[in-house]
Amino acid sequence: MGLAFPPSHQNDAVQNLRRWLKESRVHAWIGVLIACFALQTILEVLGWLGHVNLEGALLSYVALPAWANWQIGQIWTLLTYGFLHYGFMHLLLNCVMLYFAGHMLKTFWTDLQVVRLFLVGIITGGIAFVLISMWSPGWNRLMGASAGVLALLLAATRMSPRMPVYLLGIFKVPLWVVSAILLFISVAGLSGENGGGQVAHLGGALAGWVLGRSPEYLTGFSWRTPRFGRRAPLRVVREKTLELDAILEKISKVGYEKLSPQEKDFLKRYGQN
């Protein structure tokens with residue numbers, strides 16, 4: 001016997017989903033990844049039914065090939081490879097990590113900065129994959145958003161390495177431990193079957209670490225002529241840096257929720273600068 005939900009409940013579910021997607025650009029990008037995987041799956045099923053490799057045609061246009069098969073005319077693949085995944089578990093892990101890493105970094109940055117770093121991490125990981133594949137031409141096409149996810153995680157780690165997180169919802173460890181474990185796994189897997197994917201992970205992680213204390217590069221540049229002989233701006237920058245370090249230290253000890261409204265406002269304004 002089938003189950004039917006009242007139209008009102010269906011409408012509520014759709015409205016809740018739309019509201020959730022609009023709450024954050026991180027949520028919106030999770031929706032994009034799921035939609036792309038759904039399209040990938042539909043093409044795979046249709047191709048199987050029609051004995052046509054539709055998914056292969058999509059991957060040949062969107063996934064990132066190794067250097068031996070890559071052409072400058074396919075430069076878009078340095079980004080689009082991050083929209084597809086090898087299977088449901090690959091997608092699920094990246095979406096879960098994107099959600100948590102993205103929201104951890106939003107503690108310090110704006111929504112827009114987080115998403116831009118996510119995309120920069122994907123591109124940087126793709127560039128690392130293509131360049132290193134010159135010495136490993138047998139690597140499979142690259143797919144997945146892991147490089148972007150690791151960029152967010154490493155940026156959050158650099159901002160607050162001792163931020164407490166809970167592994168499996170039980171074990172409390174500092175954030176740097178989680179990042180160190182994931183980096184160790186990537187380094188250890190360089191000689192394995194997914195060596196290309198691990199190179200992309202490390203490329204994305206490097207982008208996150210480099211930009212971790214420089215969110216201003218993800219919002220644009222300010223072209224201002226320096227005025228010599230005035231020391232006030234230097235003092236202000238130094239004072240803001242000391243205040244930021246003090247707030248990050250407090251977060252590592254008691255968590256973000258224990259910050260005062262003034263401290264939370266400072267973090268918000270720091271991310272927008």
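Basis for what follows: all heavy atoms, side chains included, without hydrogens, waters or symmetry-related copies.
Glu216 and Thr219 share no donor-acceptor pair across their side chains, judged by distance under 3.5 Å alone.
Leu206 and Leu79 end up in different hydrophobic clusters when Ile, Leu, Val, Met, Phe, Trp and Tyr side chains are linked at under 4.5 Å. Ile75 and Trp67 fall within a single hydrophobic cluster, where Ile, Leu, Val, Met, Phe, Trp and Tyr side chains are chained together by heavy-atom contacts under 4.5 Å. Ile34 and Leu58 fall into different hydrophobic clusters, where Ile, Leu, Val, Met, Phe, Trp and Tyr residues are linked whenever their side-chain heavy atoms come under 4.5 Å apart, directly or through other members.
Between Val165 and Val178, the closest heavy-atom pair is CG2-CG2, 3.6 Å. A pairwise comparison of heavy atoms in Lys172 and Pro164 identifies CE-CB, 3.5 Å as the closest pair. The two atoms that bring Leu78 and Ile127 nearest to each other are CD2-N, 3.9 Å, heavy atoms only. Looking at every heavy atom in both residues, Gly121 comes nearest to Ala207 through CA-CB, 4.5 Å. When all heavy atoms are compared, the tightest approach of Leu59 to Arg141 is O-NH1, 3.6 Å. What you find for Leu182 and Met97 is that their closest heavy atoms are CD1-CE, 3.8 Å.
Looking at heavy atoms from C-beta onward, Phe129 lies out of side-chain contact with Tyr81 at the 4.5 angstrom threshold. Ile132 has its side chain within reach of Trp139: a pair of non-hydrogen atoms, C-beta onward, lies under 4.5 Å apart. The side-chain heavy atoms of Leu84 and Leu91, taken from C-beta on, include no pair separated by under 4.5 Å. Here the side chains of Leu218 and Trp109 are in contact, with some heavy-atom distance below 4.5 Å. Inter-residue side-chain proximity for Pro174 and Met163 is flagged as unmet; no heavy-atom pair is nearer than 4.5 Å. Side-chain contact between Thr157 and Met104: absent, with no pair of heavy atoms (C-beta onward) separated by less than 4.5 Å. Side-chain contact between Trp76 and Tyr61 is present, with at least one heavy-atom pair separated by less than 4.5 Å. In this structure the side chain of Leu153 never reaches within 4.5 angstrom of the side chain of Val149, judged on heavy atoms.
No side-chain donor-acceptor contact under 3.5 Å links Ser179 to the backbone of Trp176. In this structure, Asp111 contributes its side chain and Arg25 its backbone to a donor-acceptor pair below 3.5 Å. One N or O on the side chain of Arg158 and one on the backbone of Trp209 form a donor-acceptor pair closer than 3.5 Å. Remark: side-chain polar atoms of Ser60 are paired, donor with acceptor, to backbone N or O of Ala57 under 3.5 angstrom. Looking at Thr80, its side chain does come within 3.5 Å of a backbone N or O of Val62 through a donor-acceptor pair. Side-chain N or O atoms of Gln40 include one that pairs as donor or acceptor with a backbone N or O of His85 at under 3.5 Å. Using modelled atom types, no side-chain atom of Ser160 and backbone atom of Ala156 make a donor-acceptor pair closer than 3.5 Å.
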* Asked: Can Gln113 and Thr110 be said to form a side chain to side chain donor-acceptor pair (under 3.5 Å), step by step?
  -> CA-CA 5 Å; Gln113 290 168 333; Thr110 66; 3.3 Å; yes

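Ring geometry for His27 versus His103: interplanar angle of 30 to 60°, hence tilted. Taking the six-membered ring where the residue is Trp, Trp29 and Phe83 present tilted rings, their angle falling between 30° and 60°.
The 12-atom threshold is not exceeded at CZ of Phe100, counting heavy atoms of other residues, nucleotides or ligands nearer than 6.0 Å. When the shell of 6.0 Å around CH2 of Trp20 is examined, it contains more than 12 heavy atoms from other residues, nucleotides or ligands.
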